[in-house]
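These notes concern the structure reproduced below.
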Amino acid sequence: MEDDRKSLDDNYREFKKCLRDGSFPKYDELDLIEIFDVAGDNNDYYVQTEVLMLGARLFPESEELLQRRGFLYSKINTLALSNFIDNNPQFDGVCWDLLRLKDYGLEGRDAEPMLDEIVKKYKRFNDEDIIRLSELVREQKCEEWFIKNVDTLEKKAEYGDTLLYEVAFTQHDSGDYEGAIITLDKLTKIDPFRAENWILLADSYLNSGQYAEGLKAIEFARAVETDIPEADSVEASLLLALEKDLPRAIALYEKYLTFNPLASNVIHNLSMAYQKIGEPERCHRYLSELFMLCPSNPSVLKELIALSPASTKELLSFYLEHNGDDSDLLDLIGEIIKDFLFAGDFNSAIMLGRSIPDIVSKMGIVEYYLWAIMLANDWQGLIDFYNQLDDNEFFNHDSESLFYIAFAYLNVGRYDDAKDIAVRGLECINKTFNSHLSFRMNQYGCQQALSTLIKLVDYGQADMIERFDPLLVKGKD
């Protein structure tokens, strides 16, 4: 099994090399089909396209390659798929009917009658039929139908183990980890010599919190296949969850990243593991080296900023120098600020926010920055933020934001300014009230807070002003 997989991967890599060199060995039809399928596992549409172009020259009568052209079109362009289906009405079979279902664009329960007809129509389903069916049910949101019909499909499947694996994968993918465990328990009894079965079982145990059982499943996977990257990642995550043998978990994560350096969840878990053993500096060194080797990796950038917010400007500069494209950078920074905020690290969120030029105009990010300043009780910071706004259309007409500013003025003793801002906030509520109930509840609470703040200023009682904290944010630092 291990040798077969390596052979398939080697053929795929050889084909990519041939594309660079411009010369190809003599491929047979099965070689091209296998290379196409491995390329699909890697979302490599370029290689898939080149395989089909070569296949059309070498094997123009191949229905298998023609059929795969349809599946490639289905991922790239719906109109191309429609034209392909219209031009090939003479072909029949499970996969052709699945392509026609895709062309109809049916999803969920709307697709179930056609799926039922396909199951009734055919007596046997080969491996390719089952794999394409499982892909379709996930794409068209028909997972419940697939799981409900597993017994019927198992009777018609040429290889029941393929069906059970695809059902388990679908259950796992949709978050039904307990269901996946039940299916995989059955599968590993039928086919105990496939490492992928045990790895998926281990990952299902991981996601359902059954960590010790997951480690047992990994042991079985390694008994079948000694060196498989996915087993390294899952075992490391199980050890991290158990807080057991963390040096091994770190070594496994680092080994996995040599195979897949863009795995964001592994990068994050590795950072957590290093911090749990009290070696954030070592983590920083490792991630810095990884970032130097792969400066386009946003996940490494995110972890490095989280570890060292003070280095944000240098890290962003390095990232932009080597990528040029900053289209996703603001979204990434917004995620990091949000992570800092919900982790209670308000000062790091503020520091990162201040590294962004003109943050007041960055909707979707500035809100979290503003909340961090509020929760850090940085009253002067809120006032400084407000003074940057000038005639900002949003913040000067948003009652919630105006309450934050009024509250800041109240806490630094500038009562007249607090009242002026609060009055403006009440005026904005009258302008923005609409029929959406959740919005109206929000505005009602804001109206009450602003009105109370104005009364407190009018009363002028310092002890009442000191106790006023409708958002329960004082003392958070």
Side-chain angles (χ1 to χ4, degrees), residues 309-310 312 333-334 337-338 340-433 439-477:
T312 295
I333 293 171
I337 292 177
K338 185 164 60 172
F340 278 139
L341 178 69
F342 291 124
D345 190 354
F346 309 130
N347 291 329
S348 292
I350 294 168
M351 188 185 306
L352 180 54
R354 286 176 179 161
S355 73
I356 304 173
D358 191 28
I359 191 172
V360 296
S361 68
K362 307 296 190 297
M363 302 306 293
I365 296 178
V366 66
E367 293 92 333
Y368 296 113
Y369 172 64
L370 185 58
W371 295 350
I373 300 174
M374 185 78 169
L375 290 164
N377 298 173
D378 183 2
W379 312 123
Q380 189 57 50
L382 278 166
I383 293 168
D384 292 342
F385 171 86
Y386 180 68
N387 289 334
Q388 298 175 44
L389 296 178
D390 296 324
D391 295 323
N392 184 283
E393 280 297 314
F394 179 79
F395 288 104
N396 278 295
H397 298 88
D398 178 61
S399 54
E400 289 182 49
S401 302
L402 290 172
F403 172 76
Y404 300 155
I405 308 305
F407 192 56
Y409 276 125
L410 188 73
N411 278 283
V412 298
R414 293 173 59 176
Y415 300 143
D416 289 343
D417 290 325
K419 182 175 179 179
D420 288 345
I421 297 292
V423 168
R424 193 187 317 160
L426 285 175
E427 292 172 352
C428 291
I429 287 176
N430 294 332
K431 293 176 183 176
T432 58
F433 231 80
F439 178 82
R440 292 176 68 177
M441 287 295 293
N442 174 285
Q443 293 291 275
Y444 176 75
C446 193
Q447 185 178 47
Q448 297 301 305
L450 288 164
S451 298
T452 302
L453 189 151
I454 291 169
K455 290 177 183 175
L456 288 173
V457 172
D458 289 340
Y459 293 156
Q461 295 186 19
D463 60 331
M464 292 178 66
I465 291 173
E466 174 62 28
R467 291 198 302 271
F468 178 61
D469 186 11
L471 303 180
L472 299 177
V473 296
K474 288 183 181 177
K476 293 292 180 184
D477 56 351

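Because the structure is predicted, anything quoted here is derived from the model rather than measured.
In this structure, the side chains of Tyr415 and Ile465 come closer than 4.5 Å at one or more pairs of heavy atoms. Residues Tyr444 and Cys446 have side chains not in contact (no heavy-atom distance under 4.5 Å, counting atoms from C-beta outward). Between Leu453 and Lys419, every side-chain heavy-atom pair lies at or beyond the 4.5 Å cut-off. Taking the side chain as every heavy atom from C-beta outward, Phe407 and Pro470 approach each other to under 4.5 Å.
Here the shortest heavy-atom pairing between Ala422 and Ile454 reads CB-CG1, 3.6 Å. Looking at every heavy atom in both residues, Arg354 comes nearest to Asp378 through NH2-OD2, 3.1 Å. Of all non-hydrogen atoms in Leu450 and Ile429, the two that sit nearest each other are CD1-CD1, 4.0 Å. Minimum heavy-atom separation, Tyr369 to Ala349: CD1-O, 4.2 Å. Between Cys428 and Asn396, the shortest heavy-atom contact is SG-O, 3.9 Å. Taking each heavy atom of Ser348 and Pro309 in turn, the nearest pair found is OG-CG, 3.5 Å.
Aromatic rings of Tyr368 and Phe340 (six-membered ring for Trp) have centroids beyond the 6.0 Å cut-off, not under it. In this structure, Trp371 has its ring center no closer than 6.0 Å to that of Phe346.
Atom-to-atom distance recorded for Glu367:CD and Lys338:NZ is 10.5 Å, nearest 0.5 angstrom. Atom-to-atom distance recorded for Leu426:CG and Phe403:CZ is 11.0 Å, nearest 0.5 angstrom. The line from CD of Glu400 to OH of Tyr404 is 5.0 Å long, rounded to the nearest 0.5 Å. To the nearest 0.5 Å, the span separating CD on Gln388 from CD1 on Ile383 amounts to 13.0 Å. In this structure, CG in Leu410 is found 10.5 Å from CG in Asp469, a value given to the nearest 0.5 Å. Atom CD1 of Ile373 and atom CG of Leu341 lie 11.0 Å apart (nearest 0.5 Å).
Between the side chain of Lys474 and the main chain of Glu466, a donor-acceptor pair closer than 3.5 Å is present. With hydrogens and angles ignored, the 3.5 Å screen pairs no side-chain donor or acceptor of Asp417 with any backbone N or O of Ala406.
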Could you walk me through whether Gln447 and Ser399 satisfy the side chain to side chain donor-acceptor pair (under 3.5 Å) test, starting with their C-alpha distance in whole Å, then the side-chain angles of each, then the deciding distance to 0.1 Å, before giving a yes or no? CA-CA 8 Å; Gln447 185 178 47; Ser399 54; over 6 Å; no
May I have the step-by-step check of side chain to side chain contact (heavy atoms under 4.5 Å, CB included) for Leu382 and Met374, ending in yes or no? CA-CA 7 Å; Leu382 278 166; Met374 185 78 169; 3.6 Å; yes
Does the side chain to side chain contact (heavy atoms under 4.5 Å, CB included) test come out yes or no for Phe395 and Val366, once each step is laid out? CA-CA 11 Å; Phe395 288 104; Val366 66; 3.5 Å; yes
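Between the side chains of Gln380 and Asp384, a donor-acceptor pair is found at a separation under 3.5 Å.
When the shell of 6.0 Å around CG of Asp463 is examined, it contains more than 12 heavy atoms from other residues, nucleotides or ligands.
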